S.K.: 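Dropping the structure in here first, questions after.
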Amino acid sequence: VGPQAAAAASDGLPDPDAHAPRGLERLVGVGVAWKLIGQMGVQGIRLVTVAILARLLLPADYGAAAVAVALASFAPAVSDMVQTERATRLARSTVFWASLGFGVALSVLAVALAGPVGRFLGDPRVGTMVAVGGLTFAVYSLGSTSQAVFTREMKFRSIELRYWFALVVASALAVVAAGVGAGPWALVLQQIALLVTFVAALWWRAGWRPTLEFSGTLFRQLGSFAIRVAGGRWARLLELLVLSLLVGKLLSVPALGARTFAMSTVILP
């Protein structure tokens with residue numbers, strides 16, 4: 001029993017923490033329910049979209065966009081680069097600027113490597129799409145802190161509804177683009193639209209705004225924690241990129257597309 005609770009009990013006052021476990025249980029229960037509902041909705045939308053795009057696109061289209069889509073799909077990993085125990089105004093601003101700086105750096109790196117990747121696979125379209133797909137790191141970094149704030153406050157309903165909206169917008173755009181002959185760009189535009197819309201939705205009624213404050217000491221503490229948390233995810237991204245490049249080089253870009261589509265349908269359930 002803490003000193004405040006003991007003092008309250010001795011004074012005949014209610015214990016301020018007496019109902020905390022029950023309230024926390026309710027928040028956790030609601031959060032789990034919304035995560036489950038959210039995943040069911042997301043997978044349903046994706047399944048319908050994949051089925052439609054499979055009729056409109058060729059394996060070569062999936063192969064040309066494979067590397068760009070892989071980069072875009074891992075852009076949310078930027079949010080794992082910074083976490084904090086106390087969400088003070090200084091901490092949130094430090095998190096925001098650190099995420100933005102890291103996201104921009106990754107986008108610049110992707111643009112720099114786009115040309116060599118295109119030449120390696122023998123398809124200049126690949127390089128252009130890698131450069132565009134790499135921009136998603138910078139885009140998502142603008143909203144990663146807002147998502148972290150929602151998660152910290154256990155507002156999973158807000159996150160899921162925003163993501164549903166973004167996914168519907170992106171899926172509709174991809175289907176329309178594929179229908180008018182955009183080819184592999186339909187897949188890249190889908191990822192761009194998804195993250196741009198999601199970030200915009202995260203900023204709507206987020207309840208906070210970053211300031212120009214930044215703490216170097218706090219950044220070092222956050223970075224040390226983030227490396228341990230996000231290391232596994234970045235290793236998986238590296239594995240996916242290496243395998244994609246090898247399949248595209250040793251077999252062909254259409255073969256890479258067939259593999260990408262097959263893996264997406266396997267992972268989907």
Side-chain angles (χ1 to χ4, degrees), residues 46 49-78 102-141 166-167 169-199 233-268:
R46 284 179 174 171
T49 305
V50 167
I52 296 175
L53 292 179
R55 301 288 298 176
L56 298 174
L57 300 177
L58 301 172
D61 296 328
Y62 280 92
V67 178
V69 171
L71 290 175
S73 65
F74 274 85
V78 173
F102 188 71
V104 170
L106 287 177
S107 292
V108 171
L109 179 62
V111 171
L113 295 177
V117 168
R119 290 191 294 271
F120 181 77
L121 295 180
D123 190 338
R125 298 180 304 166
V126 174
T128 304
M129 284 185 282
V130 167
V132 175
L135 297 178
T136 55
F137 288 108
V139 170
Y140 184 77
S141 65
L167 187 59
V169 171
S171 299
L173 177 61
V175 171
V176 171
V180 299
W185 279 104
L187 299 171
V188 179
L189 291 175
Q190 181 183 23
Q191 299 299 320
I192 296 292
L194 172 63
L195 293 182
V196 168
T197 306
F198 186 44
V199 167
R233 185 172 295 183
W234 290 105
R236 289 193 294 273
L237 172 59
L238 181 61
E239 177 189 14
L240 177 60
L241 293 178
V242 171
L243 286 176
S244 298
L245 292 174
L246 289 177
V247 171
K249 179 65 175 180
L250 299 177
L251 297 178
S252 65
V253 171
L256 173 60
R259 176 187 181 276
T260 301
F261 180 80
M263 289 300 297
S264 67
T265 55
V266 169
I267 295 173
L268 190 61

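Please read these numbers as outputs of a predicted model, since none were measured by experiment.
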S.K.: Let me confirm one number: the CG-CZ distance from Leu167 to Phe198, rounded to the nearest 0.5 Å.
M.R.: 10.5 Å
S.K.: Would you say the side chain of Leu113 lies within less than 4.5 Å of the side chain of Val130, judging by non-hydrogen atoms?
M.R.: no
S.K.: Picking from Gln191, Gln190, Met129, what satisfies side chain to side chain contact (heavy atoms under 4.5 Å, CB included) with Val69?
M.R.: Gln191
S.K.: Can you check whether Thr49's main-chain N or O pairs, donor with acceptor, with Ser171's side chain at less than 3.5 Å?
M.R.: no
S.K.: How would you list all residue pairs meeting salt bridge (Lys or Arg N to Asp or Glu O under 4.0 Å) that involve residues 109-131, not counting sequence neighbours?
M.R.: Asp123-Arg125
S.K.: Does a side-chain heavy-atom distance below 4.5 Å link Ser107 with Val111?
M.R.: no
S.K.: Going through the distances and angles, do Leu173 and Leu194 end up as a side chain to side chain contact (heavy atoms under 4.5 Å, CB included)?
M.R.: CA-CA 9 Å; Leu173 177 61; Leu194 172 63; over 6 Å; no
S.K.: How far apart are the closest heavy atoms of Ala70 and Leu237, and which atoms are they?
M.R.: O-CD1, 3.9 Å
S.K.: If I compare all heavy atoms of Leu195 with all of Ala75, which pair ends up nearest, and what's the gap?
M.R.: CD1-CB, 3.8 Å
S.K.: Nearest 0.5 Å please: distance from the CG atom of Leu106 over to the CG atom of Leu135.
M.R.: 11.5 Å
S.K.: Closest heavy-atom contact between Val67 and Leu241?
M.R.: CG1-CD2, 4.0 Å
S.K.: Output all residues satisfying salt bridge (Lys or Arg N to Asp or Glu O under 4.0 Å) with Arg259, sequence neighbours left out; order by chain, then residue number.
M.R.: none
S.K.: Mind listing the closest non-hydrogen atom pair of Ala178 and Leu57 along with its distance?
M.R.: CB-CD2, 3.8 Å
S.K.: Ignoring hydrogens, what is the shortest heavy-atom contact between Ala110 and Gly134? Give both atom names and the distance.
M.R.: CB-CA, 3.6 Å
S.K.: Determine whether Val126 and Phe120 make a side-chain contact, defined as any pair of heavy atoms from C-beta on separated by less than 4.5 Å.
M.R.: no
S.K.: For a side chain to side chain contact (heavy atoms under 4.5 Å, CB included) check, start with the C-alpha distance between Val50 and Phe261, then their side-chain angles and the critical distance, and finish with the verdict.
M.R.: CA-CA 9 Å; Val50 167; Phe261 180 80; 3.6 Å; yes
S.K.: Heavy atoms only: give me the nearest Val188-Ala68 pair and the separation to one decimal.
M.R.: CG2-CB, 4.1 Å
S.K.: Any side-chain heavy atom of Ile192 sitting closer than 4.5 Å to one from Val139?
M.R.: no
S.K.: Taking the side chain as everything from C-beta on, heavy atoms only, tell me whether Leu256 gets closer than 4.5 Å to Ser244.
M.R.: yes
S.K.: Does a side-chain heavy-atom distance below 4.5 Å link Phe137 with Phe102?
M.R.: no
